[in-house]
Amino acid sequence: MTTLIVIACVLLLLIGIMLLPLKLFFQLENEDLNLHFGVLMFKLKLYPKKIKKAGKEMAEDVEHGIEEEQESVDSDTKTVKPDVKSRKAKNNASSSSDQTAISGKKKSSGQKKEQTEERTWKETFFLMIDIVHSVVRPTQFMLRHVKITDFSLHAVVGGEEPDETAIRFGHWNAAVYGGLATLRNFLTIKCKKINIAVDFTAPETQVSAEGILKIQVFVVVFAAVRMFFNLLVNTFKRAKENEETVNQAERKAAA
């Protein structure tokens with residue numbers, strides 16, 4: 001009886017974890033972007049990250065490293081003796097004897113390199129195709145379960161010339177409302193407030209946006225497992241096809 005209770009508790013815990021929503025808080029102020037990752041009441045800052053060392057300490061470390069390198073180079077130059085002529089004579093004698101042997105090897109190695117480069121290029125090309133095929137459907141599944149909530153956008157369109165500002169204002173309205181209509185075909189978006197205004201006295205456009213992107217844990221896990229499974233299946237199929245082509249080429253060569 002106790003084992004059943006333990007198993008039931010573990011299953012309930014796993015189900016609760018799988019149903020947890022993962023949250024990505026984003027906030028945009030003109031060119032400044034802030035990203036926070038959250039689960040339940042926990043929140044972690046993703047971007048921008050704080051720099052641990054100050055600028056002065058980093059500069060001191062760099063200067064200290066440069067001084068050590070200069071000292072090591074000076075000590076090495078003092079210990080080395082000027083035996084350049086004897087080394088050059090030995091190198092010339094050895095190089096003249098080895099050039100004839102190397103020239104014969106270069107031709108065979110060049111042909112092998114061309115064959116290996118062609119094989120690696122084909123393998124990488126087909127690998128990219130397999131990755132794309134294995135990622136498309138799981139990505140569509142993830143997008144259907146993604147939700148953007150509490151989305152708000154505030155834009156004040158400005159410009160140097162009034163006619164350019166008016167044209168830009170029209171482009172902003174078309175891009176924002178058309179983009180939202182297109183995105184709603186792939187994922188769920190709940191807007192809190194959208195405000196697009198125009199200011200003919202402002203030299204630049206001011207933009208601020210924020211929202212929360214939500215997705216449940218089981219969606220991410222299921223999509224990742226499906227991607228991995230599709231990639232394995234595609235690689236096995238590709239390996240079988242390569243073996244068949246190699247066997248056919250060997251049969252033709254033998255015949």
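Worth saying up front: this structure is predicted, and the values here are computed from it rather than measured.
- How far CE of Met227 is from CD1 of Ile131: 11.5 Å, rounded to the nearest 0.5 Å.
- Side-chain contact check for Thr205 versus Arg168: some heavy-atom pair is nearer than 4.5 Å.
- Counting only heavy atoms from C-beta outward, the side chains of Leu20 and Leu40 approach each other to under 4.5 Å.
- Residues Phe25 and Leu213 do not share a hydrophobic cluster, clusters being chains of Ile/Leu/Val/Met/Phe/Trp/Tyr side chains in contact below 4.5 Å.
- Nearest approach of Ile215 to Val220, heavy atoms of both residues: CD1-CG2, 3.9 Å.
- Between Val39 and Leu22 the shortest side-chain heavy-atom distance falls below 4.5 Å.
- In this structure, the side-chain contact (heavy atoms from CB on, under 4.5 Å) partners of Ile189, at least two apart in sequence or on a different chain, are Ile148, Leu180, Leu183, Arg184, Leu187, Cys191.
- No cation-pi contact links Lys23 to Phe37, judged by a cut-off of 6.0 Å to the six-membered ring centre and 45° from its axis.
- Using bins of under 30°, 30° to 60° and over 60° for the plane-to-plane angle, the ring pair Phe26/Phe151 lands in the tilted bin.
- By the neighbour-count criterion of 12 heavy atoms within 6.0 Å, atom CZ of Arg137 is sparsely surrounded, having that number or fewer from other residues, nucleotides or ligands.
- The CD1 atom of Ile196 sits 10.5 Å away from atom NE2 of His154, with the distance rounded to the nearest 0.5 Å.
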Might you work through the side chain to side chain contact (heavy atoms under 4.5 Å, CB included) test for Leu24 and Leu46, ending with a clear yes or no? CA-CA 9 Å; Leu24 180 66; Leu46 297 178; 3.9 Å; yes
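- Considering all non-hydrogen atoms of both residues, Pro138 and Ala223 come closest at CB-O, 3.7 Å.
- Val207 places a side-chain heavy atom less than 4.5 Å from the side chain of Leu153.
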Start with the C-alpha gap between Val146 and Thr188, add the side-chain angles, then the distance that decides, and say whether side chain to side chain contact (heavy atoms under 4.5 Å, CB included) holds. CA-CA 6 Å; Val146 169; Thr188 304; over 6 Å; no
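- The environment of CD in Glu29 is crowded: more than 12 heavy-atom neighbours from other residues, nucleotides or ligands sit within 6.0 Å.
- Distance check: Ser134 OG to Asn230 CG gives 6.0 Å after rounding to the nearest 0.5 Å.
- Cluster annotation: Leu13 and Ile15 are assigned to distinct hydrophobic clusters (Ile/Leu/Val/Met/Phe/Trp/Tyr, side-chain heavy-atom contacts under 4.5 Å, transitive).
- Taken to the nearest 0.5 Å, the CG atom of Leu14 stands 14.5 Å off from the CZ atom of Phe218.
- For the residue pair Asn234 and His133, no side-chain donor N or O sits within less than 3.5 Å of a side-chain acceptor on the partner.
- Val225 and Leu19 fall within a single hydrophobic cluster, where Ile, Leu, Val, Met, Phe, Trp and Tyr side chains are chained together by heavy-atom contacts under 4.5 Å.
- Side-chain contact between Gln140 and Val136 is present, with at least one heavy-atom pair separated by less than 4.5 Å.
- Open room surrounds CZ on Phe186; 12 or fewer heavy atoms of other groups in view lie less than 6.0 Å from it.
- Crowding of Tyr177 atom OH: a count of heavy atoms from other residues, nucleotides or ligands under 6.0 Å exceeding 12.
- Between the side chain of Asn173 and the backbone N or O of Phe169, at least one donor-acceptor pair lies under 3.5 Å.
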As a quick check of understanding, evaluate side chain to side chain contact (heavy atoms under 4.5 Å, CB included) for Glu250 and Asn247, giving each step before the final call. CA-CA 5 Å; Glu250 290 178 352; Asn247 291 328; 4.1 Å; yes
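- You'll find the side chain of Val176 reaches within 4.5 Å of the side chain of Ile194, heavy atoms only.
- Note on Phe200: it clusters hydrophobically with Trp172, by side-chain heavy-atom contacts below 4.5 Å among ILVMFWY residues.
- From Lys192, atom NZ reaches atom OG of Ser152 across 6.5 Å, with rounding to the nearest 0.5 Å.
- Counting heavy atoms from C-beta outward, Val219 and Phe141 have side chains that approach closer than 4.5 Å.
- The distance from the CG atom of Leu4 to the SG atom of Cys9 is 11.0 Å, given to the nearest 0.5 Å.
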In sequence, state the C-alpha distance, the side-chain angles, and the governing distance for Glu241 and Arg238, and then conclude on salt bridge (charged side-chain N to carboxylate O under 4.0 Å, His left out). CA-CA 5 Å; Glu241 289 177 358; Arg238 190 70 61 188; 3.5 Å; yes
Quick one: do Val221 and Met18 satisfy side chain to side chain contact (heavy atoms under 4.5 Å, CB included)? Show the steps, please. CA-CA 8 Å; Val221 173; Met18 288 294 176; 4.3 Å; yes
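- Taken together through direct or relayed side-chain contacts under 4.5 Å among Ile, Leu, Val, Met, Phe, Trp and Tyr, Phe42 and Leu44 form part of one hydrophobic cluster.
- Counting only heavy atoms from C-beta outward, the side chains of Asn30 and Ser208 never approach each other to under 4.5 Å.
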